[in-house]
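Both backbone and side-chain heavy atoms feed into the values below; hydrogens, waters and symmetry mates do not.
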Amino acid sequence: MCGAIRYEAGAGAFHQSACHCSLCRRASGAPFVAWFSVPRANLRWLQGQPATYVSSEHGKRSFCPRCGTQLMFEDDRYANEVDLTTCSLDEPGQLPPQSHIYTATQVAWVQLADGLPRYAGSRDAG
């Protein structure tokens with residue numbers, strides 16, 4: 001948001017999704033967060049370095065230390081990939097969500113009407 005952190009994700013985006021889990025909601029203060037994944041090797045920090053904290057037994061989150069914008073989620077179970085917040089991109093419209101994940105825990109007043117696939121948990125769990 002403030003421009004202190006700049007990154008380049010390179011090619012190879014996958015797992016474009018809107019996450020409705022309670023951790024994403026709490027970390028962002030929003031009803032869900034749009035993410036996309038890239039191979040870890042494709043991420044390059046161009047300006048500044050994010051601050052990081054452990055957010056669960058297997059994950060950590062990174063954010064801009066100046067303005068607090070959530071930027072990245074790393075899961076120890078998937079060491080070769082990172083998840084980036086779609087709306088931290090200069091042009092988030094280029095990577096729209098292709099599914100909703102963790103809908104079993106979504107906020108009750110969120111009504112999904114976009115026709116995208118929905119998963120009660122992760123995409124892996126179905």
Side-chain angles (χ1 to χ4, degrees):
M1 183 169 87
C2 70
I5 303 280
R6 301 287 299 164
Y7 68 87
E8 180 177 81
F14 60 99
H15 286 168
Q16 295 163 223
S17 56
C19 183
H20 297 262
C21 80
S22 62
L23 292 175
C24 282
R25 290 196 321 265
R26 288 182 183 138
S28 67
F32 57 89
V33 177
W35 296 97
F36 67 98
S37 302
V38 295
R40 183 178 293 278
N42 290 8
L43 176 64
R44 189 168 63 111
W45 298 105
L46 303 175
Q47 177 179 303
Q49 287 294 311
T52 301
Y53 68 97
V54 174
S55 61
S56 67
E57 65 185 43
H58 55 81
K60 59 185 173 180
R61 293 172 187 270
S62 298
F63 61 96
C64 175
R66 184 169 158 198
C67 70
T69 297
Q70 184 174 205
L71 300 168
M72 183 171 64
F73 176 74
E74 299 172 86
D75 190 321
D76 294 340
R77 299 170 295 183
Y78 305 98
N80 293 324
E81 64 187 61
V82 295
D83 299 329
L84 297 161
T85 54
T86 304
C87 289
S88 67
L89 292 170
D90 290 335
E91 297 182 38
Q94 292 184 352
L95 290 173
Q98 296 176 347
S99 67
H100 292 274
I101 58 175
Y102 293 97
T103 58
T105 57
Q106 78 182 47
V107 177
W109 47 260
V110 169
Q111 299 297 313
L112 303 174
D114 55 17
L116 294 175
R118 300 175 190 178
Y119 300 93
S122 70
R123 286 170 301 274
D124 298 335

Practice task
Go through the structure and list residues passing side-chain hydrogen bond (donor to acceptor under 3.5 Å, both in side chains) with Glu8, not counting sequence neighbours.
Solution key: Arg44

Completion exercise
One should read off an interatomic distance between Cys24 SG and Ile101 CD1, to the nearest 0.5 angstrom, of 7.0 Å

Fill in the blank from the handout: Hits for side-chain hydrogen bond (donor to acceptor under 3.5 Å, both in side chains) against Ser62, two or more places apart or cross-chain, chain-then-number order -> Thr52

Completion exercise
side-chain hydrogen bond (donor to acceptor under 3.5 Å, both in side chains) filter on Thr105, not counting sequence neighbours, yields none

Fill in the blank from the handout: Contacts of Phe73 meeting ring pair (Phe, Tyr, Trp, His ring centres under 6.0 Å) (sequence neighbours excluded), chain-then-number -> none

Fill in the blank from the handout: CG (Leu71) and SG (Cys87) are apart, to the nearest 0.5 Å, by 12.0 Å

Exercise for the section: Return the set of residues passing side chain to side chain contact (heavy atoms under 4.5 Å, CB included) with Pro96 (not counting sequence neighbours), or none when no residue passes. Expected result: Gln16

Practice task
Quick one: list whatever passes side-chain hydrogen bond (donor to acceptor under 3.5 Å, both in side chains) with Arg61, sequence neighbours left out.
Solution key: Ser55, Gln70

Handout entry: Of all pairs that satisfy ring-ring contact (aromatic ring centres under 6.0 Å, His included), the ones with a partner from residues 89-116, not counting sequence neighbours
Key = His20-His100

Handout entry: With Arg26 via salt bridge (charged side-chain N to carboxylate O under 4.0 Å, His left out) - residues at least two apart
Key = none

Exercise for the section: Hey, could you give me each pair passing salt bridge (Lys or Arg N to Asp or Glu O under 4.0 Å) that has a residue in residues 94-115? Not counting sequence neighbours. Expected result: none

Practice task
Consider only side-chain N and O atoms of Tyr7 and Ser88, and report whether a donor and an acceptor are under 3.5 Å apart.
Solution key: yes

Problem - salt bridge (charged side-chain N to carboxylate O under 4.0 Å, His left out) partners of Arg6, counting only residues at least two apart - result: Asp90

Practice task
Name all pairs fulfilling the salt bridge (Lys or Arg N to Asp or Glu O under 4.0 Å) condition that reach into residues 31-42, sequence neighbours left out, sorted by first residue then second.
Solution key: Arg40-Glu74

Exercise for the section: Output all residues satisfying salt bridge (charged side-chain N to carboxylate O under 4.0 Å, His left out) with Glu57, sequence neighbours left out; order by chain, then residue number. Expected result: none

Handout entry: CG-CH2 distance between Leu84 and Trp35, expressed to the nearest 0.5 angstrom
Key = 8.0 Å

Fill in the blank from the handout: Rounded to the nearest 0.5 angstrom, the CG-CD distance for Leu89 and Gln94 is 8.0 Å

